[in-house]
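Just below is one structure, and these are the notes that go with it.
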Amino acid sequence: MQTLEPWQWSEEQWRKIVGHVRAGRRLRPRKWPDDAHCAIALSFDSDHETNELRDGGKSIGRLSWGQYGNRVAIPRILRLLRQHDVRASFYVPAVTALLYPEEQQGVAADGHEIGIHGWIHELNSALSYEAERDLMLRSADVLEKISGTRPIGMRTPSWDFSPHTLRIAREMQLEYDSSLMADEDCYELLLDGEPTGVIELPVEWVRDDAVYFWMNRFQSHRPYTAPSDVFDIFRRELDAAYAEGGVFQLTLHPHIIGYRSRIWIVEEIIRHARSLGNVWFATHAQVVRWAKQEGSGATGT
Ligand SMILES: [Zn+2]
């Protein structure tokens with residue numbers, strides 16, 4: 001059969017593609033717990049060595065970058081969060097959890113959430129439904145066995161959400177995903193127009209440290225932004241979320257943000273948030289559950 005180019009697609013075809021996974025009800029609560037003005041949801045994607053392994057890479061240098069995430073960055077991040085009494089969410093590929101079970105146990109013992117982040121940080125859109133489902137289920141099993149709690153949420157590796165991901169999440173009775181970007185508030189995900197009960201806590205590249213700091217020695221991939229500029233962007237996002245009574249969500253990576261010259265960004269964000277007034281630091285799971293229960297249900301357009 002001849003493959004049609006996108007400009008040859010019928011209206012039915014492109015509408016079907018666009019309509020497959022969509023944002024439904026917007027869930028902005030009238031208020032947050034204890035009358036807080038704003039929810040602050042910090043997350044750390046503990047990719048570590050899987051960033052190298054997932055493409056079949058075996059570079060000892062880049063694997064050591066991953067080990068830094070475990071040896072230096074995670075302890076530094078946990079210390080900081082403890083010092084400021086903040087709970088966050090950690091999204092952990094199963095291979096990271098198997099390499100570092102004690103790290104996950106420490107994260108869980110500090111009251112943080114652990115969510116699914118693929119098996120080896122694979123790209124979901126490269127997989128069949130059966131393969132993606134098998135990896136998601138095995139990943140949930142590994143995280144449950146190691147941390148003692150079955151994850152209720154996921155973040156697709158590289159935010160690569162396949163045409164099957166939502167169906168699998170619903171089959172697994174996951175409560176939420178955090179890897180799409182149709183809104184700044186939580187919303188219910190629709191599958192082919194039908195509400196699924198799965199809630200999205202949206203992410204955005206502007207609120208992701210990797211965009212500003214990530215580099216690859218052998219590619220022209222060096223989008224360097226000064227840490228003070230990154231702080232400025234995050235702070236403006238936070239100020240606006242506070243003014244609107246919404247959610248401020250951040251995606252950070254231990255082996256990117258955990259350096260001496262960058263970790264202060266997280267600390268200053270926490271300090272700045274507290275200086276604004278009454279804010280609610282919460283895990284993604286807590287934010288999603290509150291939004292689902294208290295959200296106004298207005299349809300976002
Ligand atoms: Zn990741």
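For the single chain, residues carry numbers from 1 onward in sequence order. Indexing begins at 1, ligand by ligand and atom by atom, following the structure's order.
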(request) Find, among atoms of H121 that are N, O or S, the one nearest to the Zn ion (ligand 1), and state its name. (result) NE2
(request) Kindly confirm or rule out a cation-pi arrangement of R26 over Y187, judged by NZ or CZ under 6.0 Å from the six-membered ring centre and within 45° of its axis? (result) no
(request) Verify the ring-centre separation between Y68 and H255: is it less than 6.0 angstrom? (result) no
(request) Taking the six-membered ring for Trp and the full ring for Phe, Tyr or His, determine whether the centres of H253 and F44 are under 6.0 Å apart. (result) no
(message) For a distance under 2.8 Å, tell me if D45 has an N/O/S atom near the Zn ion (ligand 1).
(response) no
(request) Tell me whether H117 has at least one N, O or S atom under 2.8 Å from the Zn ion (ligand 1). (result) yes
(message) Before we go on, tell me: are the rings of W65 and W214 under 6.0 Å apart, centre to centre?
(response) yes
